[in-house]
Amino acid sequence: MTAIITRFAPSPTGHLHIGGARTALFNWLLARQRGGRFVLRIEDTDALRSTAEYTQAILSAMTWLQLDWDGEPVYQSRRADLHRQYIDKMVEKGQAYWCHCRPEDLEARRQKALAEGGKPKYDGLCREKGLGPAPGAVVRFKGPEEGETGWNDLIKGPVVFDNRELDDLILLKSDGMPTYNLAVVVDDVTMNITHIIRGDDHVNNTPRQIQLYHALGARLPFFAHVPMILGADKTRLSKRHGATSVMAYREMGYLPQALTNYLARLGWSYGDQEIFSLEEMRKLFNLDHVGRSAGVFNPEKLNWLNSHYIKETPLDELGALVWPYLAARGYERPADDLLAKIMATVRERGKTLPELAEKAGFYFQSPPELDPRAAAKVLTPENLELLREMRASLGQALTAEDFENLLRRLAEARGVKLGAIAQPLRVALTGQTASPGLFEILEILGPAQTQARLDAVLK
RNA sequence: GUCCCCAUCGUCUAGCCCGGUCCAGGACACCGGCCUUUCACGCCGGCGACAGGGGUUCAAAUCCCCUUGGGGACGCCA
């Protein structure tokens, strides 16, 4: 059995988006699982819209997601000569022909066909004219006029198109550049791609591409069309549904494992299992279990996965990940072990990295910003008096455990519940009524900081 | 308009290919309870779906047909 070769072929006309990331992931998974190759091809034949910046952004997004590719990325634009050779050969063999129809005329005829209830396809005007090259001319594929073209899609099953539905697609643009459909086929053939996993929106291109494979005498690859990802309103995921680029999710504080796990599970399943490391997916992934219907992107579930992976991240790593968000708030960097201890107290209280930074904010503000409603409710005259009385004894403990014993004894001595003295202290130290565990906070703040915060409230 | 694809809880899905084990299982979200110094986490419980209609069959979420609904494509974009 020969090794499989898959590819991801984004066009650098924008950032890597959620849908693209998923097709990349599936291609990567299949290749890695079967010991094959996963190659990256940048489809930059649209000179107007493709940029080097987007190319870079796509590469870094892939790297962030830990989807490594084999060899150097292939730039489609640099293969234009090769594409041109194939086109010339097809013209020579009578498989393609020069067409002199002008874009405006074409558009007019399309509109007319549409108005008459027909399909807006090329009418074949130049097909039998035997024209040659000319300024503004294009080369079209001479497709079969009858019969059917179909394939057995690895995800969708058998798909068949009537050849009469297909028109003579352009292979060479008037600017001398190959079109997408031609370039893709020539590249996939010459790069020996065995499995093409791509978005659903390409099924309509597939019969045309298959005809090109036939014309080229090339062996067909396997096709697998992954369903679209939709927004909450069930239309194609777009900007107005919120962030769509992978890097935007990185900035919003999502972990790459959460995103790949979510994306894999959106469409693919393995029984009831929800949590998969990249390593695990790689073992278990299977195109048979990729669903056929479109899926709605659900940020809530992504959040859940993100908090799961946040809880799994070692504290020192988590500290490093959250630090940039803390720094953005203008805080000073604490020692690594202290930052790790802080993370331990907040990591179950936030779903994204910036949320963690927000929950940890009070540690870094001295005194912390006092929530007026918390103050009004909890820092009553009686409670302030209570804090004043407790102030000295708080200097006698050092560890969270000691603080717990101390406060429990104090509560017992006064004949009140722990909460009665914990809440005023919490508000004094954090400015909030909701916070991480009070004993841990006391340990982290230390005696001096604790006294300073009490002083600020009691002055 | 034409063609292609799709259709199980609000959402992601298991089950469908090989009909009975499914008065349909899991997860997110939501609601309730427990735990508890607060908030979370965690645990327990609840709500909630086979789009509709015809067939085939002793039996259909599972097979077939139609309808409806949704998505996609119809570019000298990729």
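By convention in this document, chain letters (A, B, ...) are assigned in the order of the sequence lines, proteins followed by strands, and residues within each chain are numbered from 1.
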Please determine if a side-chain N or O atom of [X] lies less than 4.0 Å away from the OP1 or OP2 oxygen of [N].
X	N	result
A:Arg265	B:U13	no
A:Lys234	B:C6	no
A:Lys173	B:C77	yes
A:Arg110	B:G75	yes
A:Thr433	B:U38	no
A:His202	B:C77	no
A:Ser50	B:A78	no
A:Arg347	B:C39	no

What's [X] touching, base or sugar-phosphate or nothing? Going by heavy atoms closer than 4.0 Å.
X	result
A:Asp44	nothing
A:Val184	nothing
A:Arg426	base
A:Gly350	nothing
A:Thr235	sugar-phosphate
A:Thr13	nothing
A:Leu438	base
A:His289	sugar-phosphate
A:Cys99	nothing

Residue that, paired with A:Asp167, satisfies salt bridge (Lys or Arg N to Asp or Glu O under 4.0 Å) out of A:Arg109, A:Arg208, A:Arg110: A:Arg208

Over-ring placement of A:Arg140 relative to A:Tyr122, 6.0 Å and 45° cut-offs: yes

A:Tyr262 six-ring centre to A:Arg265 NZ/CZ under 6.0 Å and within 45° of normal: no

Is there a donor on the side chain of [X] or the base of [N] sitting less than 3.5 Å from an acceptor on the other?
X	N	result
A:Ser174	B:C76	yes
A:Glu274	B:G26	yes
A:Asp200	B:G72	no

Please report the distance separating the [atom1] of [N] from the corresponding atom of [M], rounded so that it comes out in whole Å.
N	M	atom1	result
B:C50	B:A24	C1'	8 Å
B:A27	B:C9	C1'	12 Å
B:G72	B:G53	C1'	27 Å
B:A7	B:G46	C1'	28 Å
B:U8	B:A14	C1'	10 Å
B:C66	B:G26	P	36 Å
B:G71	B:C17	P	29 Å
B:A51	B:G69	C1'	8 Å

Tell me, yes or no, whether the heavy-atom count around A:Phe364 atom CZ, taken from other residues, nucleotides or ligands under 6.0 Å, exceeds 12. yes

For A:Tyr75, is the OH atom crowded, meaning more than 12 foreign heavy atoms sit under 6.0 Å from it? yes

Look at the rings of A:Phe161 and A:Trp151 and say which category their plane angle falls in: under 30° parallel, 30 to 60° tilted, over 60° perpendicular. parallel

With under 30° as parallel and over 60° as perpendicular, where do the rings of A:His225 and A:Phe223 fit, or are they tilted in between? parallel

When you measure from the side chain of [X], which nucleotide among [options] comes out closest?
X	options	value
A:Trp304	B:A29, B:A73, B:C5	B:A29
A:Thr179	B:A78, B:A73, B:U11	B:A78
A:Arg292	B:C6, B:G72, B:G1	B:C6
A:Leu106	B:G72, B:C76, B:C12	B:C76
A:Arg49	B:U11, B:C77, B:U37	B:C77
A:Ser11	B:G1, B:C76, B:A78	B:A78
A:Lys119	B:C39, B:U2, B:U13	B:U2
A:Gln76	B:A78, B:G15, B:G25	B:A78
A:Lys351	B:C5, B:U2, B:C41	B:C41
A:Arg349	B:C3, B:C39, B:U37	B:C39

Does the pair A:Asp46/A:Arg49 count as a salt bridge with the N-to-O cut at 4.0 Å? yes

Of A:Pro178 and A:Lys121, whose closest RNA chain B nucleotide lies nearer the 5' terminus? A:Lys121

Where each residue is assigned the nucleotide of RNA chain B containing its nearest heavy atom, which of A:Asp233 and A:Gly419 is assigned the position nearer the 5′ end? A:Gly419

Measure from the ring center of A:Tyr54 to the ring center of A:His15 and say whether it is less than 6.0 Å. yes

Centroid separation under 6.0 Å, is that true for the rings of A:Trp28 and A:Phe285? no

Tell me which residues in residues 134-153 of chain A put a heavy atom below 4.0 Å from RNA chain B, sorted by number, or none. A:Gly136, A:Val138

Give the C-alpha distance, both sets of side-chain angles, the deciding distance and a yes or no for ring-ring contact (aromatic ring centres under 6.0 Å, His included) between A:Tyr249 and A:Tyr254. CA-CA 6 Å; A:Tyr249 281 90; A:Tyr254 289 88; 5.5 Å; yes

